[in-house]
Amino acid sequence: MTLNLHKVLFEKFGYASFRAGQQEIIESILNKEDVVAILPTGMGKSLCYQLPGYILPSCVIIISPLLSLMQDQVEQLKKLGEKRVVAFNSFLTPNEKQTLLQQLERYKFIFLSPEMLMQEQVKIKLQSMPISLIVADEAHCISQWGYDFRPDYLRLGEWLSHISRPPILALTATATKHVIEDISTHLTMQQPTLHIQSLDRPNIHYAAVEIDSQENKFERILKQIESFSGPGIIYTQSRRKADVYAQKLSDKGFRIASYHAGMDQIDRMFVQQQFLNNEIDWVCATNAFGMGVHKDDIRQVIHDHIPSSVANYAQEVGRAGRDGSDSLAILFYTKDDEDLSIFITTNDFPDESHIRLFDESIKKGLNPNQLISQGLLTETHVRILTFWLARKKINETIEILQQLKQQKVEQIFQMKDILWNSLCIRQQIVEFFGQKLNSKPLNCCSKCGLNIEELIDSSKEHVRELKLQSWEKRISLLFKGIE
DNA sequence: CGCGAACGCAGTATTGCGTTCGCGGTGCAATACT
C-alpha cells in the first residue's frame, strides 16, 4: 500500500515524498474511514483527495464554498493533465448544465457548492451514481456560515442520507473542538478519524499595536508598509475604507488594489490574478479576500481593526508566509473598534419581529419574497428563517437566533482579549484551538518582544535561498516533462 | 450604535455651528436587461 501511494504521488504529482500528515490522511480514506483533517495553510490539503481519487474506482465530489476556489482547483488539476474534472456551478448556461448532468459519471473530480447540491435534479443524479469519496473543502464554513448565512451547509446531513454514502473527508486549516463537532454532526460522521497537525506557524510573527485614534491608523499603516515590505494584505472592516486606503496608497506610489464583495466578479478575479503574478504588491480588502489565494510569499498581513473572531483572525494571518520565510502579522486597533465589529456581525440577524413577520406571512400562504421587496426582510433573513422555521417552533427559533447572536459578540470579546491582555499572542491562538505550544521562535510576538529590523533581514535572506531552490525544482520538473 | 459627510442657516465672511442622513462583511444561484 505504502509503495503504491508513493508511486502515484510521483507519477501523478511529481513529488518524491509526502508532506506532514498527508500520507496518514490518505491511508485513512482508502481504509474507508470518515476523516476530519486539520492542516495549516499551505500544507497541501488538496493532494489529500486528489491522490485517493486516482486509486478509488468512482468519482470524488468536492463541496466547495466559493466559485473562484472551484475554478482554481479545476485549473490546477487540468495542469496536472487531468481531463475528467469539472465545476458544476452557475457559470454554466442552462444548456451546458443539462448536458453535463447527463454525462456526469464520466468525471473523476466534480466540484459543487452546497447550494447546487440541494437542487432536485442534482440530488437525483448523484443518487444514481457511484461515488467513492465526498470532500468538504474549507469545512469550517459549515460552522462559520451555516447557521446564519448559508443554511445549505446545514442541510448537508439530510442530503447525505439520500445517497449511498461513501467515506467523507473534511478539510480545514482552523477548527476548534467545537467546530470539529459541528463538522462531524452535519456531515453525519459517526466516529471520524482526526488528523490534526500543529496549527502554529513559527515563521509568522505577531504584533498588536494600539492606536490612539481612528484617524492615525492610516499614517501608521503607511509607515508600516514603507518599513517592512510586501507582498501583503491589508484587511479593513468596510468596503469603502478598502477603496479609500487603496486609493491613498496608490497615490503614494504603491502598487495596490482594493478587493471586496461590492466589486464585479471579473474585477475581483483580475485583482487576485495581479496579486498572484506580482503585478501588484498589496491588496487592501475586506474579509472577502483570501480563501483560495495560493500565494506563497506574502510577507505581511495588516489589520486595520479587530477581527470578528479568533478563527477569522487565524485564517487571515495564516495567509502569510506559506513559503516558510519570516512574515509579519500586525494589527492596529483602537479601543472603540469593537463597537463597529459587534454592529456588523449582529446587525444582519433576524430579531423577534422579523421572525414573527415571516411566520405570519407563511401561515397566510404569502410569498416571503414580497417582504424582501417591501424592504421588511433581507434575502439572508428569508434564507435563514426558511431553514429554521421548517425545523423548529417559532419560540425555539427566536431563542436559537438570540443565542447565535450572543455567540458572535462573545467571539469578538475573545479576540479582543487576546490582543489586549499581556500574554503571548501565538500561545493564545494555539491554545484557542485546543493545542499546546511547544516552543516559541525568536521575535515571537509584540508581547514576548519583537525586533522588526531583525525580521526584515532574515526574511530577505530566506527569500534569496528560496529563489535558488525553486530554480532547481523548475529544472527538475522540466526534465520530468521531457521524459 | 457611532462616525463622517452633507446640508442648512446666518447674513456680509468664504467660516462656524447644529442637524440630518447614510453607511457599516462574508456567497450562492437565477433573472432581467443590454
Side-chain angles (χ1 to χ4, degrees), chain A residues 63-71 87-98 111-123 137-138 140-156 159 213-218 235-245 258-265 268-269 284-293 303-309 311-313 315-316 334-349 351 369 372-373 375 378-384 386-387 404-405 408-409 411-412 415:
Chain A
I63 307 168
S64 171
L66 301 180
L67 298 176
S68 61
L69 202 60
M70 294 181 204
Q71 302 297 114
F88 191 95
N89 60 33
S90 59
F91 287 160
L92 303 170
T93 65
N95 275 343
E96 288 172 328
K97 260 187 213 165
Q98 286 311 317
F111 293 82
L112 298 123
S113 67
E115 287 81 3
M116 194 57 95
L117 276 181
M118 298 306 143
Q119 295 198 1
E120 207 51 38
Q121 46 177 356
V122 176
K123 249 189 222 178
D137 197 12
E138 306 287 357
H140 61 280
C141 291
I142 294 171
S143 203
Q144 188 186 318
W145 280 347
Y147 292 97
D148 62 340
F149 187 49
R150 294 176 66 179
D152 284 332
Y153 264 113
L154 301 191
R155 292 188 171 103
L156 288 173
W159 181 82
S213 74
Q214 290 292 339
E215 301 81 66
N216 292 338
K217 272 186 183 171
F218 178 78
Y235 279 110
T236 65
Q237 205 160 15
S238 76
R239 298 170 176 186
R240 200 177 50 184
K241 210 165 181 181
D243 286 335
V244 170
Y245 278 15
S258 58
Y259 184 107
H260 52 70
M263 293 160 55
D264 286 347
Q265 190 76 22
R268 291 173 65 170
M269 281 160 84
C284 190
T286 61
N287 60 359
F289 187 73
M291 240 194 270
V293 177
H303 278 87
D304 174 65
H305 63 282
I306 298 181
S308 51
S309 69
N312 278 350
Y313 179 66
Q315 283 274 339
E316 287 164 5
T334 57
K335 293 269 185 203
D336 58 358
D337 274 357
E338 67 189 80
D339 296 334
L340 181 59
S341 290
I342 290 172
F343 179 84
I344 285 176
T345 50
T346 58
N347 180 43
D348 246 16
F349 267 78
D351 62 19
N369 288 337
I372 298 175
S373 48
T378 66
E379 269 187 81
T380 311
H381 285 155
V382 169
R383 265 197 323 277
I384 298 301
T386 303
F387 176 84
L404 288 170
K405 194 168 167 177
K408 295 265 173 186
V409 176
Q411 287 177 348
I412 292 169
M415 184 67 235

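In what follows, chains are A, B, ... by sequence order, proteins preceding strands, each numbered from 1.
Straight-line distance from the CG atom of A:Asp264 to the P atom of B:dG27: 14 Å, rounded to whole Å. Rounded to a whole Å, the NE2 atom of A:His260 is 16 Å from the C1' atom of B:dG27. Protein atom OH of A:Tyr313 is 19 Å distant from nucleotide atom C1' of B:dG25, rounded to whole Å. With rounding to whole Å, A:His381 atom NE2 is found 20 Å from B:dC28 atom P. Rounded to a whole Å, the CD atom of A:Glu338 is 13 Å from the C1' atom of B:dG2. Between A:Phe91 atom CZ and B:dA30 atom C1' the separation is 13 Å, expressed in whole Å. Atom CG in A:Asp152 sits roughly 10 Å away from atom P in B:dA29 (whole-Å rounding). Atom CH2 in A:Trp145 sits roughly 15 Å away from atom P in B:dG25 (whole-Å rounding).
Nucleic acid contact class of A:Pro65 (heavy atoms, under 4.0 Å, all strands): sugar-phosphate only. A:Asp348 comes within contact range of at least one nucleobase, with a heavy-atom separation under 4.0 Å. At a threshold of 4.0 angstrom between heavy atoms, the contacts of A:Leu66 are confined to the sugar-phosphate backbone, with no base atom among them. Counting non-hydrogen atoms under 4.0 angstrom, A:Asn312 reaches nothing in the nucleic acid. No engagement by A:Gln214 is indicated, since no non-hydrogen atom pair under 4.0 Å with the nucleic acid exists. A:Glu215 comes within contact range of the sugar-phosphate backbone alone, with a heavy-atom separation under 4.0 Å but no base atom that close. Residue A:Gln237 is classed as a sugar-phosphate contact, given heavy-atom separations below 4.0 Å to backbone atoms only. Among the protein residues, A:Lys408 comes within range of no part of the nucleic acid, since none of its heavy atoms lies under 4.0 Å from any strand. Residue contacts for A:Arg383: at a heavy-atom cut-off of 4.0 Å it reaches a base atom on one of the strands shown.
The 5' end of DNA chain B is approached more closely, in terms of each residue's nearest nucleotide, by A:Phe149 than by the other of A:Lys97 and A:Phe149. Take the nearest nucleotide of DNA chain B for A:Ser90 and for A:Arg240: the residue whose nucleotide is more 5' is A:Arg240.
Among the nucleotides B:dA29, B:dG27, B:dG24, the one closest to the side chain of A:Gln119 is B:dA29. The nucleotide whose nearest atom lies closest to any side-chain atom of A:Leu67 is, among B:dG24, B:dC28, B:dT26, B:dC28. With B:dG24, B:dA29, B:dT26 as the choices, the nucleotide that has an atom nearest any side-chain atom of A:Leu340 turns out to be B:dG24. The side chain of A:Asp336 has B:dC3 as its nearest neighbour among B:dC3, B:dT26, B:dG27. The listed nucleotides are B:dC28, B:dT26, B:dA30; the one nearest the side chain of A:Ser113 is B:dC28.
When both distances must be under 3.5 Å, the Watson-Crick or G-U wobble mate of B:dA30 does not exist. The partner of B:dC3, taking Watson-Crick or G-U wobble pairs whose two distances both stay under 3.5 Å, is B:dG22. Of all nucleotides present, only B:dG16 satisfies the Watson-Crick or G-U wobble test against B:dC9, with each distance under 3.5 Å.
Between the side chains of A:Thr378 and A:His381, a donor-acceptor pair is found at a separation under 3.5 Å. For the 3.5 Å distance criterion, the side chains of A:Thr334 and A:Asp336 qualify, holding a donor opposite an acceptor.
A:Tyr245 places no side-chain N or O within 3.5 Å of a backbone atom of A:Ser258 that could act as its donor or acceptor partner.
Here, B:dA5 and B:dG11 have their C1' atoms 24 Å apart, quoted to the whole Å. If you take atom C1' in B:dA10 and the same atom in B:dG16, they sit 10 Å apart, rounded to whole Å. Atom P of B:dC28 sits at a distance of 41 Å from the matching atom of B:dT20, rounded to the whole Å. Using C1' as the reference atom, B:dA13 and B:dC17 are 15 Å apart when rounded to the nearest Å.
More than 12 heavy atoms of other residues, nucleotides or ligands sit less than 6.0 Å from atom CZ of A:Arg383.
Screening A:Gln237, A:Gln214, A:His305 for a side-chain hydrogen bond (donor to acceptor under 3.5 Å, both in side chains) involving A:Asp337 leaves a single residue, A:Gln214.
At a threshold of 4.5 Å between non-hydrogen side-chain atoms, the residues A:Asp243 and A:His260 count as touching.
For B:dT26, the OP1/OP2 oxygens have no side-chain nitrogen or oxygen of A:Ser308 closer than 4.0 Å.
Ion pair A:Asp152/A:Arg155 flagged as a salt bridge, since at least one NZ, NE, NH1 or NH2 atom sits closer than 4.0 Å to an Asp/Glu carboxylate oxygen.
Under the stacking definition used here (centres under 5.5 Å, planes under 30°), the residue A:Phe343 qualifies as stacked on the base of B:dC1.
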